[in-house]
Protein chains: 2
Amino acid sequence: MTTRREELARAATDYVLEHGLVGLSLRPLAARLGTSDRMLLYHFASKDDLVAAVLRVANDRSVAEVRALPAAPGVRAAVLALWAAVTSPRLSACQRMYVEAAALGLFGREPYASVVREANRDWVAAVAELLVASGTTRERAPRAVALLDAAMTGFQLDLPLDAGDPLLEQAVLDLADAVAAIAGAQGSA
Amino acid sequence: MTTRREELARAATDYVLEHGLVGLSLRPLAARLGTSDRMLLYHFASKDDLVAAVLRVANDRSVAEVRALPAAPGVRAAVLALWAAVTSPRLSACQRMYVEAAALGLFGREPYASVVREANRDWVAAVAELLVASGTTRERAPRAVALLDAAMTGFQLDLPLDAGDPLLEQAVLDLADAVAAIAGAQGSA
DNA sequence: CCGCCATTGTAGCGAGTGCTACAGTTGTAG
DNA sequence: CTACAACTGTAGCACTCGCTACAATGGCGG
């Protein structure tokens, strides 16, 4: 059985995924959910509390989707599969929200900074496991994920700028090669 | 001679670099600049107009700094020099603001979306010239910049999460290798 | 039936927002 | 001196914000 709070958190997440975190206001959100700001603040201690809950719901979805990805035949294929998942309609909205939250946390503003920190931890762990399952050694995975995660986040941030740009698709291929090189190389460090 | 508007734009930029775009409000900003919200709206048509001006000033600084970088002995060195520049005290604040603006533009909100679009164009061009001056062919430069720019943006976004992390430094080295590989390879595409 | 507790509606507070109307006050050109 | 334009201060409008005080309503255990 799901509590009313969880139900509201999920519905609110859908709303935020669509409208963004930045202008988020309790009254329009409540209207969309068929309730009132009064009730949101009854179930959540404050707006920040609600936002934190929403961020966690969205990140849980992202992480779950990555964990559900099957092991790929090689690192390169894993990267491409991850990119495909991350740009799918469902996850792209979550990623966009993550990027927005991370940007809001850039100046240490709470609750964004803390929640983003823990979300990133979970996300990195999930991606690392995908790489390991796809042939990367446990030892090498962290390095590979570091570049992979940063590049993908960067792609997401510029997505509205150059969606469909063939240069972007090429860059993803290049990224896959680079990550494969890191995962396979015997280089320094 | 600089107009009052330009002077205000520069001062406002310093303020925004320190406090961020998100909670930006005319009255506190004006107080810091020794003027009033009334005057800001006299010199700038609207808050959005002011914000656009600020974004342009900050981006001009970033681009100028990149253009001032000397040609490096090889692509790898160029990437490392760029990263050093971008994480220097002066530029890191500009980069942080760019990331914030890009995030605000994720949902198409103006004036962020448009200004970020043109800022990105200038930035990419400047970085491409640095790579070319450092040995990349003009033909290969766009591909190299695509990955380079995305990865660096991603690093910036996670900087508060793991500043000083040795994994980050390693990732920058890996990125340099990857970009060098793209710039030098005769691969497909 | 009573009392309790989770839940909800109404109304509003205090603060802050971008922006504007209006009345000056300069400095300068004719 | 005058007229005009550039600039600046005061006050306030209309609105939204997160949040709260207060008073119900409903169902369930005793």
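Below, read A as the first sequence line, B as the second, and so on, with proteins coming before strands; counting in each chain starts at 1.
Side chains of A:N59 and A:E118 form no contact here, defined as non-hydrogen atoms less than 4.5 Å apart.
Among residues at least two apart or in separate chains, side-chain hydrogen bond (donor to acceptor under 3.5 Å, both in side chains) pairs with a member in residues 97-113 of chain B are B:Y98-B:N120, B:E110-B:S114. A ring-ring contact (aromatic ring centres under 6.0 Å, His included) check over residues 38-90 of chain A, counting only residues at least two apart or in different chains, returns the pairs A:W83-A:F155. Residue pairs meeting the ring-ring contact (aromatic ring centres under 6.0 Å, His included) criterion with at least one partner in residues 115-144 of chain B, sequence neighbours excluded, do not occur; the list is empty.
Rounded to whole Å, atom P of D:dT8 lies 12 Å from atom CZ of B:F44. Atom CG in B:L33 sits roughly 17 Å away from atom C1' in D:dC7 (whole-Å rounding). Rounded to a whole Å, the CE atom of B:M39 is 12 Å from the P atom of D:dT10. A:H43 places its NE2 atom 12 Å from the P atom of C:dA6, with the value rounded to the nearest Å. Across the protein-nucleic acid pair, A:L40 atom CG and D:dT20 atom C1' stand 15 Å apart, rounded to whole Å. Between the OH atom of B:Y42 and the P atom of D:dT10 there is a distance of 18 Å, rounded to whole Å. Taking atom CG of residue A:L8 and atom C1' of nucleotide C:dT8, one finds them 13 Å apart after rounding to whole Å. In this structure, A:L50 atom CG and D:dC17 atom C1' are separated by 15 Å, rounded to whole Å.
Looking at residues 9-17 of chain A, you'll see that no heavy atom sits under 4.0 Å from any atom of DNA chain D.
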Name the atoms and distances for all side-chain donor-acceptor pairs under 3.5 Å in residues 19-34 of chain B, with sequence neighbours left out.
from: B:H19; atom 1: ND1; to: B:Y15; atom 2: O; distance (Å): 3.1
from: B:R27; atom 1: NH1; to: B:D37; atom 2: OD2; distance (Å): 3.3
from: B:R32; atom 1: NH2; to: B:E18; atom 2: OE1; distance (Å): 2.7

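Across B:A85 and B:L91, no two heavy atoms sit closer than the pair O-CB, 3.3 Å.
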Subject >> Protein-to-nucleotide contact annotation, 5' to 3' order, nucleotides 15-27 of chain C [B base; S sugar-phosphate only; - none; under 4.0 Å, heavy atom] >> reply: --BBBBBB-----
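Between the side chain of A:R138 and the backbone N or O of A:V132 there is no donor-acceptor pair closer than 3.5 Å.
Distance OG1/A:T153 to CD/B:Q156: 12.5 Å, rounded to 0.5 Å. Here the CG-CD distance, from B:L157 to B:Q95, works out to 12.0 Å after rounding to the nearest 0.5 Å.
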